Amino acid sequence: MGKHIIPEGAWGREDSNGCEIMALRLEQGRLDHEALEGVRQRKLMVRVRRKLSPCIIMVFLAFVLSAPFGILGQTELQTALTLGTVWFWALYRPAFMPLFGLFCSGLVIELFSANPPGVLLFWMLVAYGVAHGCRVGLSRRGFLLSWILYGLIVLGEAMTDWVLMVIRVRGALSVYPIVFQESLAVGSYPFLHVLYLWGLSVMEKHDRL
Amino acid sequence: MVSIHTRQLLAGLVLPVMVFLAVGIVLAGQIWPGKAIQLRMAAVRSVGPTYQALLFPQRQFRKWQLTLQGVGDLLASNARLRQENRQLAYWYGEAQTLRQENARLKAALHWGTEDSRDYVSGWVVRDESGPYLRAVLLEVGDHKVQQGSLAVDAVGLVGRVSEVGPHVVRVLLIEDAASRIPVTLQSSGGDAMMIGDNTPYPRLMYYNQSLPPEEGEHIVTRGQTGLTGGVAVGRVHYLTPGQPVVIPDAALGKLELIRVFDGDFMLEAPPSAGRVREKPPLLPDHRDGEAPSNWQNLRRFLPFASLRNG
């Protein structure tokens, strides 16, 4: 009976003992409520993992890059990776990047950021909005356009930082930090893109199993 | 129950509301930057141990890097030392050759006696320093040490021997208020007197006013009767303008092993040194190996006696 309701391959090859027991029960045709509850829990876990993974990765990267390693361009890289993460997941898998999770992650990241307060969060939301709005169009145009748009978003963030710092110090500042941040972000995005694509494929393969 | 249309409308409003909140945070951060900094500081403080853990591999790597660098430096300095050793061996040979040549030339010139210096080293057995005295007792064994001999440590002058006992001598340190040591300023060549005042920095006095001691100038003992010259003493320092003091080279606060010059250097100056006799003596005061006789003086007044001088 159970074999007709739920496909056998859905959990027959799971490593955990619980799933093996469930598979055994299904083979023996003795599906009960306990097995159904296990299936439900597993689905819930997959959903939670999908919803939280990008946000957790983003917070983790921002936190690690806020440690005083003394690496050149560490702060700029933190901003670039954060915005890159938002951009990628909002563009290719918006279901993995819920808006509420993004906002909360942004608030946490703001605590470990060195930028003027709120700017990174604002541009994370802008990146999310742009990616969400242009998703269909960008998927047809290919990677290059999304890369350019990402560069523009990072440029906006860097310029906002610059303007706010100019207002604070009440004097002209060098534009070199903007160029540096833009170069770093644009240069690092393809690697981030490839890495996230690989992670996405691994995650989907695992969920399919 | 909320309709689908309302739900979609609300969902569409979430992003603008969040953007509005973010703008509010930006404005708040600009208006009250201190609060934002405090908040961030508190967050960083709370995750301090985690940062330590994150930095541990980097620190460990740097430590290994430094160790490897040290090993590399060690190899380089080892090679340099070998090179220097070869050069020193070469110069040692040269010095030996020159020494022999010097001795040969001096022998050809009938050079006078060589001034030989001997020394004895001993452990400081007691530190007698107090509020009014700066001295140490030194064990020298059976060596015969003369009063006034200079005492030095590994670096510079420590003091002079003030009392001599059977096995122990007392060395009056240069910082003692009773210490008076003539010194020479090495750069200017002028002389001065180093006078202790029971402070770690003896004063410099009686120097030529046209050649005042310069800051950082090195000073050595002045060679004169009863005092070995050229022994490093210290460097000049001005605590206040016009009051030069000496920062001793020797570690006077931690004296352990002291060396005392033990040579027979107390050369006696000839009588009326520095003056020219108006007339040469008619007769020698006394001959070698003979005791001076009062009768000899009377012979000066005997005009017809045999005159051997003058």
Side-chain angles (χ1 to χ4, degrees), chain A residues 59-71 74-75 78 83 86 90 94 97-133 156-157 159-161 163-170, chain B residues 1-70:
Chain A
V59 171
F60 176 75
L61 284 175
F63 175 69
V64 168
L65 285 171
S66 69
F69 290 114
I71 303 167
Q74 197 176 323
T75 315
Q78 186 191 34
L83 286 176
V86 175
M97 178 68 76
L99 189 55
F100 185 70
L102 171 72
F103 189 76
C104 293
S105 309
L107 284 177
V108 174
I109 290 168
E110 278 294 334
L111 289 174
F112 302 107
S113 166
N115 296 322
V119 175
L120 186 58
L121 174 64
F122 173 78
W123 282 99
M124 282 164 73
L125 291 169
V126 169
Y128 179 86
V130 171
H132 217 66
E157 200 276 342
M159 287 189 73
T160 314
D161 281 346
V163 168
L164 289 176
M165 289 309 291
V166 164
I167 291 169
R168 184 173 290 180
V169 301
R170 293 187 183 87
Chain B
M1 192 72 183
V2 184
S3 67
I4 295 172
H5 184 70
T6 314
R7 207 179 295 169
Q8 281 179 346
L9 193 69
L10 285 174
L13 278 175
V14 172
L15 184 62
V17 167
M18 284 182 174
V19 170
F20 183 73
L21 281 173
V23 172
I25 292 171
V26 173
L27 289 176
Q30 292 301 306
I31 295 165
W32 300 290
K35 296 279 179 193
I37 290 169
Q38 279 179 5
L39 202 63
R40 283 180 173 173
M41 290 295 287
V44 168
R45 207 178 300 128
S46 62
V47 295
T50 318
Y51 279 156
Q52 293 293 327
L54 280 173
L55 290 174
F56 177 75
Q58 190 192 27
R59 286 186 183 150
Q60 205 64 24
F61 177 74
R62 276 195 189 156
K63 208 182 279 181
W64 292 339
Q65 196 181 6
L66 281 175
T67 308
L68 282 174
Q69 204 174 341

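Computed from heavy atoms alone, side chains included, the values below leave out hydrogens, waters and symmetry copies. What you see is a predicted model; the values in this text were computed from it and never measured. Proteins get letters first, then strands, A, B, ... in listed order; numbering begins at 1 in each.
At a 4.5 Å heavy-atom cutoff, Thr160(A) makes no contact with chain B through either its backbone or its side chain. Proximity to chain B involves both the backbone and the side chain of Phe69(A), based on heavy atoms less than 4.5 angstrom apart. Looking at Tyr128(A), only its side chain comes within 4.5 Å of chain B, counting heavy atoms on both sides. Interface remark: Leu107(A) contributes side-chain atoms only to the contact with chain B (heavy atom separation under 4.5 Å). Proximity to chain A is absent for every atom of Ile37(B), based on heavy atoms less than 4.5 angstrom apart.
Summarising the geometry of Ile25(B) relative to Gly118(A), their closest heavy-atom pair is CG2-CA, 3.6 Å, with the distance given to 0.1 Å.
Judged by distance alone, the side chains of Gln52(B) and Arg59(B) do bring a donor and an acceptor atom under 3.5 Å apart.
With sequence neighbours excluded, the residues forming a side-chain contact (heavy atoms from CB on, under 4.5 Å) with Leu111(A) are Leu39(B), Ala43(B), listed by chain and number.
By the 4.5 Å heavy-atom criterion applied to side chains, Phe103(A) and Val14(B) are not counted as neighbours. In this structure, His132(A) and Leu15(B) have side chains that are not in contact, with every pair of non-hydrogen atoms separated by 4.5 Å or more.
The greatest number of non-hydrogen atom pairs below 4.5 Å with chain B, out of Gly129(A), Pro116(A), Pro68(A), is found for Pro68(A).
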